[in-house]
Amino acid sequence: MNRSIEYLLRRLGFYALAAWVAITLNFLIPRMMPGDPAQIMFARFKGEMSPSAIAALRETFGITDAPIWQQYFTYLRHLLSGDMGVSVSNFPEPVVSVIATGLSWSIFLAGSALIISFILGTSLGALAAWRRGGLLDSIAPPLLALLGAFPYFWMAMLALFIFGFGLGWFPLWHAYPEGTSPGLNLPFILGAFYHAALPAATMIIASLGGWMLAMRNTMVGILGSDYITYARARGLAPRRVLIRYAARNALLPNITGFGMALGFVLGGALLTEIIFSYPGQGYLLIQAVRAQDYPLMQGLFLTITLAVLGANWLVDIVTLMLDPRTRR
Amino acid sequence: MNPALLFKQMLANRKARAGMIIFGLFVLVSLVGPWLVQDPTAFTAVPHQSPSWEHWFGTTGQGQDVFAQTIVGTRVTLAVGCATGFLVVLLGAVIGGIAGYLGGRTDDLLSLLINVFLVMPGLPLMVVLAAWLPPGPMTILSVLVLTGWAWNARVLRAQTLSLAQRDFVLAAKVSGESTLRIVTAEILPNMLSLMTSSFIGATIYAIGAQVGLEFLGLGDISKVTWGTNLYWASNDSALLLGSWWTFVPTGFCIALLGFGLTLINFGVDEIANPQLATESRWARKLKNRATADGSTPVVAGGVR
């Protein structure tokens, strides 16, 4: 058990290092660019924001006349107290609250897509391996390879064009119908599911192949092992061998994948959200870039990175609990 | 294996040959195409026209010829894609090679660097970097290299590590060969096929990511590339006006080019590991896709 704790702490140290690199990159990138970062950052808003607001922003980002290491510590101090500044394009809303709204939509859309895709993909993969060379096993892989050659966002555009614009089955943008107010009321909840359906479907189709093939390949390996042959020879029901003996063990690598995918859920499915104008993290990031809202942009990058790192550590813990071999 | 021999074997391999023909066609189009079509930026016709004899692929929302844009866009897209692929593998080989060959402290430090870059989410980093840098193909190129080298470095490090322990390398060391000669004459030739397939994989990744970034409006939108074509298509509300011809041809070109490159990689794979050639190649390739070139953005799992 001590070894596991040591292992987890070592991993935690690694993620802390990666987080520090991300935070430092976030600090350095604006300062490495030609010109005065504060000027670039707030140029667009000279007329719209009072000089005192700009001064406050400069202070938050540590872009002062102080020496660079002093700026760096100011920046770290603000970050640690959860202060990421004020969003310039949503002035005067603080960056943290803008991100919180985006985060909930991202978790709803990408989270449900991930869960459906994971369950569907792993089951199909297990079945394909069980009936190796069967219909499913021979049709799905080449089909998925063909789909994989197209850029994802292009397929999403096509789906929006055909099912949203052409056939009119799905709404063209936003996360809930106009005229409903967010909260626990039926029209809003139904509307939110309806709006998420098409974007989620494109994400599921795009990611299904990965889960399916990963599961299939591990299953094929496991089905060849001795204990499966023994279970079969004992005359156990094929269903029981498939689910309790083979699939259960083949699931491990996919769980690792699931954890990593979780990190990307928090980061929002960037391209999906942009094409479907879905107000999650990714959409916010691009809006921030287009509006030159640098404080929001930096805050989003940091949140996404930290989410990914956290999810990775979670995966380490779960794998350790599920797979006794890593404990040694 | 020397480069000439590998090329000869690739020509003899059915899949690699087909892939090289597709790739060659695109290279040809990118070289001579721009002289054969009209000016892609000229506002020549009525906007939003569907495909016709004068305009094979129709016109954009600003009355430009989509066929000309698709042809001319090939050049920059392909050039940036291949250059990125090359630089990513070069950087990966240098860093991964040094780490794998020297081992010890150097390896620990470089591996740490590689792992930090691997665990960082690529697409958001690309977007933030591209937003700060002045827009243009050079920016796209450097952003893609910076976010993409780590995967290749890890693969090439592992390969160097295993080669450095082989008997023939040890024999060369014992017989007093210089490090430079061991690396260039003993190790590199044995990594040629791996580096070739890494290059092709990196190019596929680079084309996809480049088109994605430009589609988001992070490229130089005054240049004609496949990505900016799609950016303008979405900006001119192609989706809402029903002008499918402004984005369908570009998508097919990207898919065809990617397919061609993947075919070459199948071929290289079969040449390098003849014993693997009997296993289902589609499945193996797709599995690699899902885990390996881990940076095609979007959703986790499949298209990560």
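Throughout, a chain's letter reflects where its sequence line sits, starting with A, and its residues are numbered from 1.
Under the ring-ring contact (aromatic ring centres under 6.0 Å, His included) criterion, A:Y283 pairs with no residue, sequence neighbours left out.
Rounding to the nearest 0.5 angstrom, the gap separating the CG atom in B:L216 from the CD1 atom in A:I274 is 4.5 Å. Separating the CD1 atom in A:I275 from the CZ atom in B:F215 is a distance of 4.5 Å, to the nearest 0.5 Å. Here CG of A:L25 is found 5.0 Å from CE of B:M120. Values are rounded to the nearest 0.5 Å. Distance CZ/A:F301 to CE/B:M126: 11.5 Å, rounded to 0.5 Å.
Considering all non-hydrogen atoms of both residues, B:P124 and A:I304 come closest at CG-CG2, 3.8 Å. In terms of heavy atoms, A:V289 sits closest to B:A131 at CG1-CB, 3.8 Å.
For chain A, the nearby parts of B:L112 are the backbone and the side chain; heavy atoms of each come within less than 4.5 Å. For A:F118, no part lies near chain B; criterion is any non-hydrogen pair under 4.5 Å. If you measure heavy-atom distances from B:L125 to chain A, the contacts under 4.5 Å come from both the backbone and the side chain. Contacts between B:F117 and chain A at a heavy-atom distance below 4.5 Å are absent for every atom of the residue.
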